[in-house]
Amino acid sequence: MLAAERKIKIIEYVRKHNVASVAQLSQDFGVHEATIRRDLSEIEKEGRLRRTHGGVVLVEGVSSEPSFTVRASERVEEKIRIAERAAEMIEEGDNIILDSGTTTLQIAKALVNKSNLTIVTNDINIAAELRDCKDIKVIVTGGILYPESYMLNGLFTDNALKTLHVSKAFIAIPAFHPKRGLTHFDDRLVSSKRSMIEAATETIVVTDHTKLGGVSLHMVAPIDQIKTLITGKEASETQIRQFVESGVAVYTV
């Protein structure tokens with residue numbers, strides 16, 4: 001079993017049993033305890049589990065995320081696959097929204113050879129990526145600049161989004177649950193994401209598999225407002241089935 005697959009199954013095991021010991025996981029997965037400890041250390045860094053003395057417990061809540069620089073260097077291959085699938089959904093003549101995020105930045109990179117598009121974004125990184133694309137119109141929302149991520153947010157952002165209508169919005173999120181929908185730990189970022197969803201005919205969530213199943217404090221959108229999810233093939237069958245049962249079309253890449 002590959003390490004990535006084993007880590008997913010460890011999370012599933014802990015979700016089912018709420019707690020697990022290193023010794024039990026070592027026995028069930030047939031690997032050395034040192035291997036399990038290394039897996040748990042990596043999973044803990046992703047915020048999915050919390051290590052205890054001799055074991056691990058599930059972390060359901062998502063209260064923070066790594067810096068933009070760290071996120072941009074994590075799971076890059078998976079994010080590129082997600083972006084390429086998202087780009088396939090974008091047709092000539094489309095008006096779309098690209099939310100701020102490291103996965104949506106990869107979508108922008110996948111669109112540089114497309115033509116006759118209008119892209120609305122609150123992300124300076126995305127706008128810069130598309131600056132030389134003569135056949136793509138870029139609309140930057142304006143707003144307060146977050147220097148760490150080059151994201152724009154706030155009243156000006158919301159007001160701009162409320163004047164627009166697009167065919168598709170590609171939303172990045174730190175927590176997406178098959179029952180509780182889209183949630184975020186930062187209340188300041190909720191309003192703009194809601195405005196993006198309201199402006200779009202179709203909302204497509206683009207996120208790597210580590211964000212699936214998480215729940216944060218602030219509601220962004222209930223599950224019935226989300227039509228499509230694009231995530232990595234690293235997502236477990238259980239995770240995918242739960243979203244499908246909630247009415248979400250899931251594409252794994």
As an exercise, state the distance from [atom1] of [X] to [atom2] of [Y], rounded to the nearest 0.5 Å.
X	Y	atom1	atom2	answer
T103	K79	OG1	NZ	5.0 Å
S216	K211	OG	NZ	11.0 Å
N113	I136	CG	CD1	8.5 Å
D187	M219	CG	CE	15.0 Å
T141	I124	OG1	CD1	8.0 Å
K233	E5	NZ	CD	11.5 Å

Hey, is the main chain of [Y] close enough, under 3.5 Å, to the side chain of [X] for a donor-acceptor pair?
X	Y	answer
S246	P178	yes
T183	H218	no
D99	A172	yes

[X] and [Y]: which non-hydrogen atoms are nearest, and at how many Å?
X	Y	value
L130	A108	CD2-O, 3.5 Å
T157	G143	OG1-CA, 3.4 Å
A235	I240	O-CD1, 4.0 Å
S149	N125	O-ND2, 2.9 Å
A34	H32	N-ND1, 3.0 Å
A86	V206	CB-CG1, 4.4 Å

Heavy-atom distance under 4.5 Å between the side chains of [X] and [Y], does that happen here?
X	Y	value
T228	M89	yes
T35	F29	no
I90	F170	yes
E88	Y251	no
L212	T207	yes
K9	S236	no
I96	L117	no
I82	Q106	no

Can you hop from [X] to [Y] via hydrophobic side chains spaced under 4.5 Å?
X	Y	result
I80	I230	no
M196	L155	no
I126	V112	yes
I223	V244	yes

Would you say the side-chain atoms of [X] and [Y] include a donor-acceptor pair closer than 3.5 Å?
X	Y	result
S191	D158	yes
N153	S192	yes
T121	D123	no
H209	E78	yes
Q225	T203	no

Only one of I173, L182, N122, L161 clears side chain to side chain contact (heavy atoms under 4.5 Å, CB included) with K193; which? I173

Can you tell which of K227, H165, K168 makes a side-chain hydrogen bond (donor to acceptor under 3.5 Å, both in side chains) with T201? H165

[X] atom [atom1], neighbour heavy-atom count above 12 within 6.0 Å:
X	atom1	result
R85	CZ	yes
E245	CD	yes
Y150	OH	no

So, R81 and E84, do they make that salt bridge, N to O below 4.0 Å? no

